[in-house]
Colleague: 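Okay, here's the structure, questions in a sec.
In the text below, chain A, chain B and the rest are named by the order of the sequence lines, each starting its count at 1. Every heavy atom of this structure was used, including side-chain atoms; hydrogens, water molecules and symmetry mates were not. These numbers were taken from a predicted model, which means no experiment stands behind them.
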Protein chains: 2
Amino acid sequence: MARIAVCLSGCGVYDGSEIHEATATLWAISRRGHQYFCIAPDIPQAQVTNHLNQEPMQESRNVRIESARIARGEVRDVKDVTPDDFDALIFPGGYGAAINLCDFASARTDAKVHPDVQRLIDQTLVAKKPIGAWCIAPAMLAAATRGKGVTLTIGTDKATAEELEKMGAKHKRASAKEVVVDPNFKIVTTPAYMLASNIAEVFEGIDNAVGRLLELCK
Amino acid sequence: MARIAVCLSGCGVYDGSEIHEATATLWAISRRGHQYFCIAPDIPQAQVTNHLNQEPMQESRNVRIESARIARGEVRDVKDVTPDDFDALIFPGGYGAAINLCDFASARTDAKVHPDVQRLIDQTLVAKKPIGAWCIAPAMLAAATRGKGVTLTIGTDKATAEELEKMGAKHKRASAKEVVVDPNFKIVTTPAYMLASNIAEVFEGIDNAVGRLLELCK
């Protein structure tokens with residue numbers, strides 16, 4: 001039985017983890033008889049967004065506390081986690097991956113990854129354990145692996161794909177249900193809501209991706 | 001193609017809609033090629049709970065705005081919705097069903113349902129359109145259908161089952177993957193996280209329940 005760490009970035013597509021993608025990830029792990037635990041940085045969200053009208057809300061929320069809504073409780077602080085704790089590491093999408101886990105949304109190709117998240121990704125690559133990233137999270141992964149030449153996908157958006165390539169990644173186009181695997185770095189990516197037209201497609205793509213990731217754990 | 005209204009009660013198991021149950025509902029509808037839209041009352045949450053430690057937070061959040069995190073945007077105000085808008089109505093679980101949609105959590109067998117939700121349930125029964133309720137939401141449904149003798153399940157918890165019967169419902173025990181159908185009232189219930197030991201079981205039970213509900217739409 002594999003043990004998978006799922007790194008959340010809040011709770012909601014516009015300021016945190018995309019809820020359907022995060023839930024699909026937990027379901028895809030669980031239905032195969034594997035275990036997961038959730039992790040997140042213990043930091044204030046970069047913003048709080050009213051999801052009904054997409055306007056900013058004048059309040060402060062904590063990434064780890066809000067992530068606990070998706071996890072139904074325990075969310076370990078990223079700073080306390082090492083690859084010894086898991087067999088693979090997954091980053092679901094949502095804008096939180098681009099504003100809380102790193103600053104790609106504003107800094108674009110100059111993006112810096114949160115130091116604890118960067119450290120965990122570095123250690124996971126050294127440990128040769130698989131990393132999965134869905135939707136916009138591969139942009140964070142491109143920033144974290146800057147210049148290493150990892151192969152990944154954010155779907156078909158040309159402008160974003162070019163930014164990832166400027167950070168030294170190799171971008172491969174993929175549809176919502178397709179999965180891109182980099183066998184050397186053991187990196188698995190899928191576009192999810194970057195391209196999916198409904199929640200069923202998101203689940204199909206993420207289920208495929210989790211299946212591929214688990215094969216790499218063997 | 002059926003059009004299903006999914007009534008949310010916030011975003012998070014301890015003060016709103018249970019996220020996995022709500023997401024599983026949307027997925028089960030979508031994967032069968034049907035459509036959904038989300039609705040919620042536009043009211044302050046009865047409480048805001050820190051999901052990491054389950055302690056109260058001294059802030060105010062709006063049920064409809066927080067529900068939009070699960071819906072990824074549009075959530076119609078319950079007060080503007082009638083059964084003409086849908087083929088079936090579903091209430092996922094989460095403590096929000098027992099504190100925001102009604103006050104069952106505190107008032108127990110004296111529970112009163114939010115007037116707009118009560119009106120919508122009354123109209124849906126009159127229209128003979130199916131109603132689904134998962135997890136603790138059947139307690140709200142028992143309060144809304146007080147004395148009518150509807151058959152439903154909240155799983156196997158004896159004390160809660162007895163309270164539902166005191167409100168005039170007939171309780172039927174069911175396991176996490178089982179579904180209870182009342183063919184007369186077209187009411188479909190399943191225990192979900194009242195009994196499920198993992199997210200995969202929740203999805204299996206809700207997927208079964210949505211399947212049965214859609215059959216009743218024909």
Colleague: Apply side-chain contact (heavy atoms from CB on, under 4.5 Å) to the pair R72(B) and Y193(A), showing each step before the final yes or no.
Modeller: CA-CA 11 Å; R72(B) 295 169 45 85; Y193(A) 270 122; 3.2 Å; yes
Colleague: Quick check for you: to the nearest 0.5 Å, what is the distance between W27(B) atom CH2 and T23(A) atom OG1?
Modeller: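 Output value for this atom pair is 12.0 Å.
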Colleague: If we define contacts as heavy-atom pairs under 4.5 Å, which of G33(B), C11(B), G12(B) has the most with chain A?
Modeller: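 Among the listed options, the one with the most contacts to chain A is C11(B).
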Colleague: Non-hydrogen atoms of chain B under 4.5 Å away: do they reach the side chain of N53(A), the backbone, both or neither?
Modeller: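 Neither the backbone nor the side chain of N53(A) comes within 4.5 Å of chain B.
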Colleague: Hey, are R31(B) and E204(A) close enough for a salt bridge, meaning a charged N less than 4.0 Å from a carboxylate O?
Modeller: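 No.
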Colleague: Which heavy atom of I19(B) sits nearest to which heavy atom of I19(A), and what is that distance?
Modeller: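 In this case the closest contact between I19(B) and I19(A) is CG2-CG2, 3.3 Å.
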Colleague: Can you tell which part of E201(B) gets under 4.5 Å to a heavy atom of chain A, answering side chain, backbone, both or neither?
Modeller: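 Answer is neither: E201(B) stays 4.5 Å or more from chain A.
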Colleague: How far apart are the C-alpha atoms of E66(A) and R69(B), what are their side-chain angles, what is the distance that settles it, and do they pass the side-chain contact (heavy atoms from CB on, under 4.5 Å) test?
Modeller: CA-CA 11 Å; E66(A) 296 310 314; R69(B) 294 178 175 273; over 6 Å; no
Colleague: Considering only heavy atoms and a distance below 4.5 Å, find which of N50(B), V75(B), I29(B) pairs most often with chain A.
Modeller: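 The residue among N50(B), V75(B), I29(B) with the greatest pair count is N50(B).
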Colleague: Counting N and O atoms only, with roles assigned by atom type, does the side chain of S30(A) sit under 3.5 Å from a partner on the main chain of N198(B), one being a donor and the other an acceptor?
Modeller: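 It does not hold such a pair.
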Colleague: Report which part of Q54(A) has an atom under 4.5 Å of a heavy atom belonging to chain B: side chain, backbone, both, or neither.
Modeller: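 Interface part for Q54(A): neither.
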Colleague: Of the backbone (N, CA, C, O) and the side chain (C-beta and beyond), which part of R76(B) lies under 4.5 Å from a heavy atom of chain A, both, or neither?
Modeller: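 R76(B) has no heavy atom closer than 4.5 Å to chain A.
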Colleague: What part of S67(A) lies closer than 4.5 angstrom to a heavy atom of chain B: side chain, backbone, both or neither?
Modeller: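 Neither part.
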Colleague: If you count heavy-atom pairs within less than 4.5 Å of chain B, which of H20(A), M57(A), E74(A) leads?
Modeller: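 If we count pairs closer than 4.5 Å to chain B, H20(A) comes out on top.
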Colleague: Quick check on K129(B): does its NZ atom have over 12 non-hydrogen neighbours (other residues, nucleotides or ligands) under 6.0 Å away?
Modeller: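 Counting other residues, nucleotides and ligands, NZ of K129(B) exceeds 12 neighbours.
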Colleague: Under the side-chain contact (heavy atoms from CB on, under 4.5 Å) rule, what do I65(A) and H51(B) come out as? Steps first, then yes or no, please.
Modeller: CA-CA 6 Å; I65(A) 291 173; H51(B) 278 54; 5.9 Å; no
Colleague: What's the separation between atom OG in S60(A) and atom CD in E59(B), rounded to the nearest 0.5 Å?
Modeller: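 That separation rounds to 9.0 Å.
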